[in-house]
Protein chains: 2
Amino acid sequence: MPDDRVDLLASVLPLAKALRRIEDAAAGAHGLTMWQYAVLLVVAAQPSGSQAELAARLDYSRNRLVADLDVLEARGLLVRRPGADRRTNELAATDDGVATMRAIQAAIHAGEDDLLSVLADDDRAELDRLLRLAGQAARQARETREVV
Amino acid sequence: MPDDRVDLLASVLPLAKALRRIEDAAAGAHGLTMWQYAVLLVVAAQPSGSQAELAARLDYSRNRLVADLDVLEARGLLVRRPGADRRTNELAATDDGVATMRAIQAAIHAGEDDLLSVLADDDRAELDRLLRLAGQAARQARETREVV
DNA sequence: TATTGTTATACTCTATAACTATA
DNA sequence: TATAGTTATAGAGTATAACAATA
């Protein structure tokens, strides 16, 4: 029986690249990178007790995070404060940071809607729901390292 | 009104990375890279009239394609033949190439099923269908450059 | 000894340009 | 001149290792 399944990556890779272009453009319009926006997004949702914790939440590198935080702090979008454990920095977004994050996010959502405008409304909602589940499964697979 | 939408990339990126790991592992078990497998997959489905045409079909670089074809040809998985236009190479997969491609593909599909085993059967089928549509939209957006 | 933030280094992937041969 | 294949070069993105300060 011939296998007419299409490898998922053949669909997911172009989709990821298109979404990446949308986020780069939206963040770039405010002089930020996609990762700097992601930092702002996560810290605005919940202040972080340390940079290491934030890196883990973002599935990002604690090394690369340093330079991004330098940029965000210099632009007044985020503040570093020494924590109780004096090795750590507590991180919080400023009002300016939250506003910038919201503006970028609005542009991203508009770009997503435009990209996927071929989908019917209920199909789009289903895609969002299923993608969230699949993304969650992928993150857990990464943690447990039980992938194949 | 607060925006509780989750950026699609936050789900798609981990998913793409997990799928990439699966394909790398499956192709690597046969001494190939993900792109070399992708070349084999596409050429087996339909022989190519030129390397440039193949690169376009794969949304891949014609430059990087050269070294990958060298490997596949040296391993007897694919043949280059001069075309009518003597600047071009016609490309076709060998029987060995098709068999190798099928073995890798089977491992990939097993890995995908394992990764997404948390999804119910009908949810999984819907994800496949919607991802195919979204991937198609992303590829077209890339062609027309009308993204945001 | 282990962990946090930090810096420096190396490696992979990708994008761009340039060369040749054919058209 | 334009295009195909090829090669070489440069850049971005990422991973790894090392360091000082603190626990």
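Residue numbering restarts at 1 for every chain, and letters A, B, ... go by the order of the sequence lines. Values below: all heavy atoms of this structure, side chains included; hydrogens, waters and symmetry mates excluded. Because the structure is a prediction, the values reported are computed rather than measured.
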Pairing of B:Arg20 and B:Asp24 as salt bridge, 4.0 angstrom limit
yes
Along DNA chain D (nearest heavy atom to each residue), the more 5'-positioned of A:Tyr60 and A:Arg86
A:Tyr60
How many Å lie between CG on A:Leu13 and P on C:dC13, as a whole number?
13 Å
Do NZ/NE/NH1/NH2 and the carboxylate oxygens of B:Asp113 and B:Arg124 come within less than 4.0 Å?
yes
Which of the following nucleotides, C:dT22, D:dT6, C:dT4, is nearest to the side chain of A:Ser50?
C:dT4
Given atom CZ of A:Arg81 and atom P of C:dT4, what is their separation to the nearest angstrom?
19 Å
What's the closest nucleotide to the side chain of A:Ala52 if the choices are D:dA4, D:dA23, C:dT4?
C:dT4
When you look at B:Val118 and A:Gln136, which way does the side-chain contact (heavy atoms from CB on, under 4.5 Å) test go after all the steps?
CA-CA 10 Å; B:Val118 291; A:Gln136 205 171 338; over 6 Å; no
Specify the separation, in whole Å, of atom CZ of B:Arg87 and atom C1' of C:dA21.
9 Å
Nearest-nucleotide 5' precedence on DNA chain C, A:Lys17 against A:Arg80
A:Arg80
Between A:Arg129 and B:Asp123, does any NZ, NE, NH1 or NH2 come within less than 4.0 Å of an OD or OE carboxylate oxygen?
yes
Output the rounded distance in Å from CG (A:Asn89) to P (D:dA21).
15 Å
Hey, is the side chain of A:Arg64 poking within less than 4.0 Å of OP1 or OP2 on D:dA12, counting only N and O atoms?
no
Rounded to the nearest Å, what distance is computed from the CZ atom of residue B:Arg62 to the C1' atom of nucleotide C:dT20?
12 Å
What's the CG-P distance between B:Asp68 and C:dC13, to the nearest Å?
10 Å
Rounded to the nearest 0.5 Å, what separates atom CD1 in A:Ile22 from atom CG in A:Leu115?
4.5 Å
Here the distance between atom C1' of D:dT14 and atom CG of A:Asp59, to the nearest Å, is 12 Å
Ignoring hydrogens and angles, tell me if any N or O in the side chain of B:Thr94 forms a donor-acceptor pair with the backbone of B:Gly76 under 3.5 Å.
yes
Can you tell me if the side-chain N/O atoms of A:Gln51 get under 4.0 Å from OP1 or OP2 in C:dT6?
yes
A:Trp35 side chain near D:dT14 phosphate (N/O to OP1/OP2, under 4.0 Å)
yes
Just grab all the ring-ring contact (aromatic ring centres under 6.0 Å, His included) pairs involving residues 27-62 of chain B, residues at least two apart or on different chains.
B:Trp35-B:Tyr60
Going by modelled atom types, is there a donor-acceptor pair between the base of C:dT16 and the side chain of B:Asn63 at under 3.5 Å?
yes
Using whole Å, what does the distance between atom P of nucleotide D:dA12 and atom CE of A:Met34 come to?
16 Å
In short, the helix from C:dT1-D:dA23 to C:dA23-D:dT1 is bent end to end, axes from five pairs each side, to 10°, by 10°
